[in-house]
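Fair warning: this is a prediction, and the values are worked out from it, not measured in the lab. Every heavy atom of this structure was used, including side-chain atoms; hydrogens, water molecules and symmetry mates were not. When a residue number appears, it is its place in the shown sequence, counting from 1.
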Amino acid sequence: MTATDGPSPNGGAPGDGPESTTGTSVAGPGPRTGAGGGPGGEDPVGQRQGDTVAGVVRQWQAVHPGLDTGPMEIIGRINRCAALLQQAEDAPLRRAGLSRPEFDLLGALRRTGHELTPGELARETFSSGAAVTKRLKHLTERGLVERRGDTRDRRVAHLRLTDAGRELVDGILPAQLAYETAALSGLDAPEQGELATLLGELLAQLEGRLGALRS
């Protein structure tokens, strides 16, 4: 997505089959009803939306009837939406011969507007240092990124976009935004605003607490 470059912690592209955080694939059709919303374990929202996560939740509740699947219904849907959006949105990148992690690096250099070190790029794109080094090698060979050695420390490199790299990013970005506009067209402006606010609040909390949750 254009709002944040590099959505995944390892900087990789989504896998062949989107999965929920529950360890159960949400790619298959599955039952169309969830649980927890109405009488008899029916979920009117899940029925109306017909989304696959509702079926996954229903299956888990059949296995563990007493389990609180509320978090699964939110996080599973976020992960499913992200995977579906990225799979379709990657089409402009494939036409340009770029992977999503490579475009994330180019996008970080473009939007920050100044040189970045490999370490800074790794932090900007939530990628490992080794992955960034490999991607930068490819992008440099293509003439999209150039590096400048540090005058005080030869071990440090400063990276920036070439003119070709800047033109490529600026050429792809409108196609990305057009896709996102079409993808969100099922929601009206107030709904999009509400969703953006809720996701922003969730992201801010996770960015502040995720380290503690993993420890």
Side-chain angles (χ1 to χ4, degrees), residues 1-91 93-94 99-101 104 125-128 176-177 179-215:
M1 305 289 284
T2 56
T4 58
D5 291 326
S8 62
N10 61 5
D16 294 333
E19 295 185 353
S20 73
T21 56
T22 66
T24 301
S25 173
V26 297
R32 295 302 185 188
T33 57
E42 294 181 354
D43 179 6
V45 175
Q47 288 178 332
R48 183 175 67 251
Q49 294 176 338
D51 67 274
T52 53
V53 174
V56 171
V57 169
R58 182 173 180 269
Q59 292 166 348
W60 273 119
Q61 289 192 332
V63 175
H64 295 290
L67 202 63
D68 178 11
T69 57
M72 185 187 304
E73 297 184 44
I74 296 174
I75 296 176
R77 287 185 171 105
I78 290 175
N79 286 342
R80 173 68 169 165
C81 287
L84 289 172
L85 288 169
Q86 288 184 4
Q87 285 177 352
E89 190 183 11
D90 282 346
L93 305 184
R94 289 193 298 271
S99 67
R100 169 163 292 278
D104 289 342
T125 59
F126 303 98
S127 304
S128 69
Q176 297 278 72
L177 292 173
Y179 171 80
E180 292 176 4
T181 298
L184 295 173
S185 61
L187 301 176
D188 60 28
E191 289 173 327
Q192 291 186 30
E194 182 180 2
L195 179 59
T197 298
L198 290 172
L199 290 174
E201 292 174 355
L202 175 61
L203 179 60
Q205 293 179 26
L206 290 177
E207 287 178 334
R209 292 165 38 210
L210 195 55
L213 290 174
R214 287 177 174 174
S215 61

Sidechain-backbone polar pair: R77 side chain, E73 backbone, donor-acceptor under 3.5 Å | yes

Would you please test Q176 and L93 for side-chain contact (heavy atoms from CB on, under 4.5 Å) and show each step?
-> CA-CA 9 Å; Q176 297 278 72; L93 305 184; 4.1 Å; yes

E191 to L187 - nearest heavy-atom pair and separation = OE1-CA, 3.4 Å

Kindly give the heavy-atom pair with the smallest separation between M72 and V53, and that separation in Å.
-> O-CG1, 4.1 Å

Please report, to 0.1 Å, the donor-acceptor pairs under 3.5 Å made by any side chain of residues 194-204, with sequence neighbours excluded.
unit_1: T197; atom_1: OG1; unit_2: G193; atom_2: O; d: 3.0

Working to the nearest 0.5 Å, report the span between CG of L85 and CZ of R80.
-> 10.5 Å

Measure the spacing between CG of L84 and CG of D51 and express it to the nearest 0.5 Å.
-> 10.5 Å

Who passes side chain to side chain contact (heavy atoms under 4.5 Å, CB included) against D68, sequence neighbours left out?
-> P71

